[in-house]
Amino acid sequence: MAVLPVLEYPDPRLRKVAEPVTDFDDADLQTKIDDMLDTMYDEQGVGLAATQVDYHYRIVVMDFSEERNEPIVFVNPEFDVLDDAPNECQEGCLSVPGFYEHIYRAAKVKVKALDRHGKPFELDTDELMAVCVQHEIDHLDGKLMVDYLSPLKRNRIKTKLQKAQKKRA
């Protein structure tokens, strides 16, 4: 298992739309899912999309457990809104480190996905999990949380992150 580097905004690879997974017998797929989980845990996140680790397939991993031992893997996830009442939540993102912004998302969604072995499942979600599902599927579609912000706020974040990235280089 390995901890993978997480792409940071404004990296253009974060805008690439992920491809559906079609081969579940591929050992590389299972290794990549394990690496994504290791990366999410190492970064202390609750969710991670494959796009964030420069793997452009429709895979999301999450874990909301206190002990961090109940991972959920969503392959080719889609969601239907169950309650479109706007739910304001303060979101953070491993690809936009250090910034937390109020974003409006649907309050409840039903997720339809395949597990890591290709078995279909559905899950009704609300609160944090509903927000996370929408956030991570946005990543698979090349969309970031900063896209929900005003251009002024988005540019300020971009400038601050670019300066931080130059200092680390």
Side-chain angles (χ1 to χ4, degrees), residues 4 6-7 9 13-26 28-97 99-149 154:
L4 306 169
V6 176
L7 300 178
Y9 177 73
R13 294 172 289 180
L14 289 167
R15 299 299 186 174
K16 187 172 180 182
V17 176
E19 299 289 326
V21 173
T22 57
D23 183 6
F24 289 85
D25 294 326
D26 181 5
D28 288 341
L29 171 68
Q30 300 304 320
T31 299
K32 188 60 80 171
I33 290 169
D34 289 335
D35 291 348
M36 287 176 61
L37 287 164
D38 288 345
T39 303
M40 177 185 68
Y41 292 134
D42 186 70
E43 294 284 334
Q44 299 177 359
V46 295
L48 182 73
T51 302
Q52 293 177 271
V53 292
D54 202 20
Y55 187 64
H56 301 282
Y57 288 92
R58 298 191 72 80
I59 304 167
V60 168
V61 297
M62 293 182 198
D63 191 337
F64 297 95
S65 66
E66 289 288 324
E67 296 81 25
R68 311 294 283 153
N69 61 355
E70 297 176 26
I72 306 169
V73 177
F74 300 87
V75 179
N76 300 336
E78 300 174 348
F79 70 88
D80 294 319
V81 173
L82 298 177
D83 180 354
D84 62 359
N87 179 28
E88 182 183 17
C89 187
Q90 189 175 32
E91 286 187 31
C93 180
L94 298 177
S95 293
V96 188
F99 292 91
Y100 297 88
E101 299 294 335
H102 290 274
I103 309 284
Y104 287 93
R105 304 262 188 193
K108 295 180 182 180
V109 299
K110 178 188 285 286
V111 186
K112 298 173 188 171
L114 305 173
D115 70 11
R116 67 185 299 155
H117 303 292
K119 182 181 174 190
F121 70 97
E122 292 183 2
L123 194 58
D124 288 352
T125 66
D126 61 8
E127 299 180 1
L128 178 60
M129 190 172 198
V131 168
C132 194
V133 162
Q134 294 168 82
H135 177 107
E136 300 305 342
I137 291 175
D138 271 356
H139 276 298
L140 300 179
D141 294 332
K143 190 170 185 177
L144 301 169
M145 70 175 236
V146 296
D147 297 338
Y148 293 92
L149 305 175
R154 185 171 44 251

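From a predicted model like this one, the values you see are computed outputs, not experimental measurements.
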Fill in: Those residues that, when tested against His56, pass side chain to side chain contact (heavy atoms under 4.5 Å, CB included) (two or more places apart)
Arg13, Lys16, Thr51, Asp54
Donor-acceptor contacts under 3.5 Å from residues 130-138 side chains, at least two apart:
{"unit_1": "Gln134", "atom_1": "OE1", "unit_2": "Ala106", "atom_2": "N", "d": "3.1"}
{"unit_1": "Gln134", "atom_1": "NE2", "unit_2": "Ala106", "atom_2": "O", "d": "2.9"}
{"unit_1": "Gln134", "atom_1": "NE2", "unit_2": "Ala130", "atom_2": "O", "d": "2.9"}
{"unit_1": "His135", "atom_1": "ND1", "unit_2": "Glu91", "atom_2": "OE1", "d": "2.7"}
{"unit_1": "His135", "atom_1": "NE2", "unit_2": "His139", "atom_2": "NE2", "d": "3.3"}
{"unit_1": "Glu136", "atom_1": "OE1", "unit_2": "Ala49", "atom_2": "N", "d": "3.2"}
{"unit_1": "Asp138", "atom_1": "OD2", "unit_2": "Arg105", "atom_2": "NH1", "d": "2.7"}
{"unit_1": "Asp138", "atom_1": "OD2", "unit_2": "Tyr148", "atom_2": "OH", "d": "2.6"}

Fill in: SB check Lys110 Asp83 (cutoff 4.0 Å)
no
Discussion item. Is the shortest side-chain heavy-atom distance between Arg15 and Asp147 below 4.5 Å?
Written reply: yes
Discussion item. Would you say that more than 12 heavy atoms from the other residues, nucleotides or ligands in this model lie under 6.0 Å from the CD of Gln90, or not?
Written reply: yes
Worksheet item: Is the number of heavy atoms from other residues, nucleotides or ligands within 6.0 Å of CD (Glu66) greater than 12?
Response: no
Worksheet entry | Distance in Å, Met62 CE paired with Leu128 CG, rounded so as to fall on 0.5 Å steps | 9.0 Å
Worksheet item: Which residues satisfy the side-chain hydrogen bond (donor to acceptor under 3.5 Å, both in side chains) test with Asp80, sequence neighbours excluded?
Response: Lys112
Discussion item. Using the side chain to side chain contact (heavy atoms under 4.5 Å, CB included) definition, which of the options Leu37, Ile59, Val61, Val21 pairs with Arg116?
Written reply: Leu37
Worksheet entry | Stepwise side chain to side chain contact (heavy atoms under 4.5 Å, CB included) check, Lys143 with Val17 | CA-CA 9 Å; Lys143 190 170 185 177; Val17 176; over 6 Å; no
Worksheet, complete the sentence: Residues at least two apart in sequence or cross-chain that pass side-chain hydrogen bond (donor to acceptor under 3.5 Å, both in side chains) with Ser95, listed by chain then number, are Gln52
Item to complete: Give a yes or no on this: more than 12 heavy atoms of other residues, nucleotides or ligands lie within 6.0 Å of atom OH of Tyr100.
Response: no
Cut-off 3.5 Å, no hydrogens considered: what does the side-chain donor-acceptor table look like for residues 67-75, sequence neighbours left out?
{"unit_1": "Arg68", "atom_1": "NH1", "unit_2": "Asp63", "atom_2": "O", "d": "2.6"}
{"unit_1": "Arg68", "atom_1": "NH2", "unit_2": "Gly45", "atom_2": "O", "d": "2.2"}

Worksheet entry | Qualifying residues under ring pair (Phe, Tyr, Trp, His ring centres under 6.0 Å), relative to Tyr57, sequence neighbours excluded | Tyr55
Fill in: Side-chain heavy atoms of Leu29 within contact of Asp23, under 4.5 Å
no
Discussion item. Does Glu78, at its CD atom, have more than 12 non-hydrogen atoms belonging to other residues, nucleotides or ligands within less than 6.0 Å?
Written reply: no
Discussion item. Please determine whether the number of non-hydrogen atoms from other residues, nucleotides or ligands lying under 6.0 Å from atom CD of Glu127 exceeds 12.
Written reply: no
Fill in: Side-chain touch Lys32/Leu4, heavy atoms, less than 4.5 angstrom
yes
Item to complete: Side-chain contact test, heavy atoms from C-beta onward, threshold under 4.5 Å: evaluate it for Leu140 versus Pro77 and give yes or no.
Response: yes
Worksheet item: How about Tyr104: does its OH atom have over 12 heavy atoms from other parts shown lying under 6.0 Å from it?
Response: no
